[in-house]
Novice: 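Supplied in structure tokens, the structure appears directly below.
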Amino acid sequence: MTPHTLITAFQQAGQGHVFAHFEHLSASQQAELLADAAEVDLAEIAELNRTLVQKSAAAGVDLSDLEPAPYEALPKNGGDAAAWAEAKRLGEEALKAGRVAAFVVAGGQGTRLGYDGPKGTYPVTPVLKKTLFQVFAEKLLAAGRRYGRPLHWFIMTSHINHAATEAFFRAHGFFGLAESHVHFFRQGRMPAVGLDGKILLEDKHRIAMSPDGHGGSLRALDRSGAVALMEREGIDILSYFQVDNPLVRFIDPAFVGWHLKTRSEMSSKMVPKAYAGEKVGHFCTQRGKTVVIEYSDLPKERQEEKDAAGKLRFIAGSIAIHLLDRSFIRRMATGADALPFHRADKKIPCLDAAGNLVKPEKPNGVKFELFVFDALPFAKNPVVIETDRADDFSPVKNAEGLDSPKTCAEDQMRQFVRWANANGAGVPADSTGLPPFAFEVSPLFGYDEDSFAASWSASAAKPSISAGAVLK
Ligand code: UTP
């Protein structure tokens, strides 16, 4: 498209103000603005303005025919132990055959944590303060050794943190991983609009663009060539996790096995909600489809519903851990099924009509985001399995309080104590399982119960666990 046709298209769509300062820009600034503009799908924005922005009241989520989703309970909670053992065996086979790769979504802006830099570069371990990326890299390295196949790792970044993320891996020698097995790609961007539907400018030569949400990962995987690479490498399954959760067991043979044996196209882990109003999405079924209903969309009385045994009915909380089939990713990225956008009202610094930068005190605009769990209703045979929260989920979301660096470091230590004491280490701990001193286990020593036990039994002199100890 020539600059003239692009500008005309914006004018015809009622977005001509984007080029209000064009004449006064330098040639390179004009080129930047044109590049931003070329990324905008004007028809999509018009449709989103109609369906999400101009609606006087936000359209409520459809809650009709909603039932709690069934899930595979852990054996200790009544699940079928033989079926879990069979799943684990199947998953181990798939891992040994190199059919699984890891996939972290790391394109978020981490505003709640208030940390300046890609969230994956945030230090999280209790003693050595290893970063999130290092923890994941070492888990992957250790799993590759265990299954006799180095695993591939896909890392989704955003336009804001892509260069910094790549530079971080380079500066740390990819944490011992083969560079050829680590694949970075950027997610897509969406323009923000004002409450009147007009595209916002963050500068005279820049549209206010932001990452398109973790659901943008499906189209970005395809567009970036990641799906083609999976095909070439014989990778059938992608293990999806979020960058803020160092506890996640993203190489989990039992999970992979459940995915395979149920012929699921998209599988999920659930944890029983800790209390009725816990702020997690709820796995539900609706007219034969699996859906996730956000806590903010499920009315309080439904969140609190109990079954005959007095247990919460909508108990299955989503912790954003999924397995995705390669063919499903491609279908979602290129077929007729499309994820719906969600509206998020935000304070967006932008230019006013006179071209002056305004930093708003209250939400002045709308960002559009895709959520990965919206793919579930499109998946064939989606399976949900239970996991222990203590073994899979302790995210760093906030600077303080709930889900903060402090709670996450403590949860890591509780996990280390459980692994050590299951092998007779006798580490003291309080009633919550927390030791009286900080110590840590390198993922290279153990990244789950089994790998820890294997290293422990292989060490002739058992490691001593005391204040500041690091098991390597
Ligand atoms: P969150 O919803 O916690 O958002 O993302 P965030 O941007 O990290 O943090 P806040 O809300 O600004 O404080 C959950 C996961 O999804 C990824 C994040 O990097 C994190 O791993 N994500 C989120 C993306 O990859 N892209 C996005 O556009 C949004």
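When a ligand or atom number is given, it counts from 1 through the structure's own listing order. Quick note: residue numbers are just sequence positions, from 1.
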Novice: Check each atom of ligand 1 against the heavy atoms of V243 and keep those under 4.0 Å away; list them by number with element.
Specialist: 19 (O), 21 (O)

Novice: Would you check whether M156 has a nitrogen or oxygen atom less than 3.5 angstrom from a nitrogen or oxygen atom of ligand 1?
Specialist: no

Novice: Does any part of the side chain of H259, heavy atoms only, come nearer than 4.5 Å to the side chain of V100, both counted from C-beta?
Specialist: no

Novice: Please work out, at 4.0 Å between heavy atoms, whether the side chain, the backbone, both, or neither of E369 comes within that distance of ligand 1.
Specialist: neither

Novice: Check whether any N or O atom of T111, backbone or side chain, sits under 3.5 Å from an N or O atom of ligand 1, and answer yes or no.
Specialist: yes

Novice: In ligand 1, which numbered atoms sit nearer than 4.0 Å to a non-hydrogen atom of K119?
Specialist: 8 (O)

Novice: Using the rule ring-ring contact (aromatic ring centres under 6.0 Å, His included), only one of F136, F154, F103, F255 pairs with F241; which is it?
Specialist: F136

Novice: For atom 4 (O) of ligand 1, what is the nearest protein heavy atom, given as residue, atom name and distance?
Specialist: R112 NH2, 4.1 Å

Novice: Classify the side-chain pair S64/R287 by whether it contains a donor and acceptor separated by less than 3.5 Å.
Specialist: yes

Novice: When you measure from atom 7 (O) of ligand 1 to every protein heavy atom, which one gives the shortest distance, and what is it?
Specialist: Q109 N, 2.8 Å

Novice: Using modelled atom types and a 3.5 Å cut-off, is there a donor and acceptor pairing between side-chain atoms of E265 and backbone atoms of F328?
Specialist: no

Novice: Would you mind telling me which of R189, R223, R219, K367 makes a salt bridge (Lys or Arg N to Asp or Glu O under 4.0 Å) with D212?
Specialist: R219

Novice: In terms of atom number and element, which parts of ligand 1 are under 4.0 angstrom from non-hydrogen atoms of K397?
Specialist: 1 (P), 3 (O), 14 (C)

Novice: In a check of side chain to side chain donor-acceptor pair (under 3.5 Å) between T125 and each of Q412, Q134, E440, which one passes?
Specialist: E440

Novice: List the closest protein heavy-atom neighbour of atom 20 (C) of ligand 1: residue, atom name, distance to the nearest 0.1 Å.
Specialist: V105 O, 3.8 Å

Novice: List the closest protein heavy-atom neighbour of atom 26 (N) of ligand 1: residue, atom name, distance to the nearest 0.1 Å.
Specialist: Q187 OE1, 2.7 Å

Novice: Check F250, F371, F373, Y240 against H322 for a ring-ring contact (aromatic ring centres under 6.0 Å, His included) and give me the one that passes.
Specialist: Y240

Novice: Taking the six-membered ring for Trp, are the ring centroids of F19 and F10 within less than 6.0 Å of each other?
Specialist: yes

Novice: Mind checking whether L444 and K472 have side chains closer than 4.5 Å, heavy atoms only?
Specialist: no

Novice: Can you figure out which of G213, S217, G110 has its heavy atom closest to atom 8 (O) of ligand 1?
Specialist: G110

Novice: For atom 16 (O) of ligand 1, grab the closest protein heavy atom and report residue, atom and distance to one decimal in Å.
Specialist: H214 CD2, 3.5 Å

Novice: May I ask you to identify the nearest protein heavy atom to atom 25 (O) of ligand 1, giving residue, atom name and distance to one decimal place in Å?
Specialist: G107 N, 2.8 Å

Novice: Kindly indicate whether the side chain of R146, heavy atoms from C-beta on, has any atom under 4.5 Å from the side chain of I251.
Specialist: no

Novice: Distance under 4.0 Å to a non-hydrogen atom of A106: what atoms of ligand 1 satisfy this?
Specialist: 19 (O), 25 (O)

Novice: Could you name the option among G114, G120, A220, G108 that has the heavy atom nearest to atom 22 (N) of ligand 1?
Specialist: G108

Novice: Using a 4.0 Å cutoff against the non-hydrogen atoms of P211, which atoms of ligand 1 qualify?
Specialist: 28 (O)

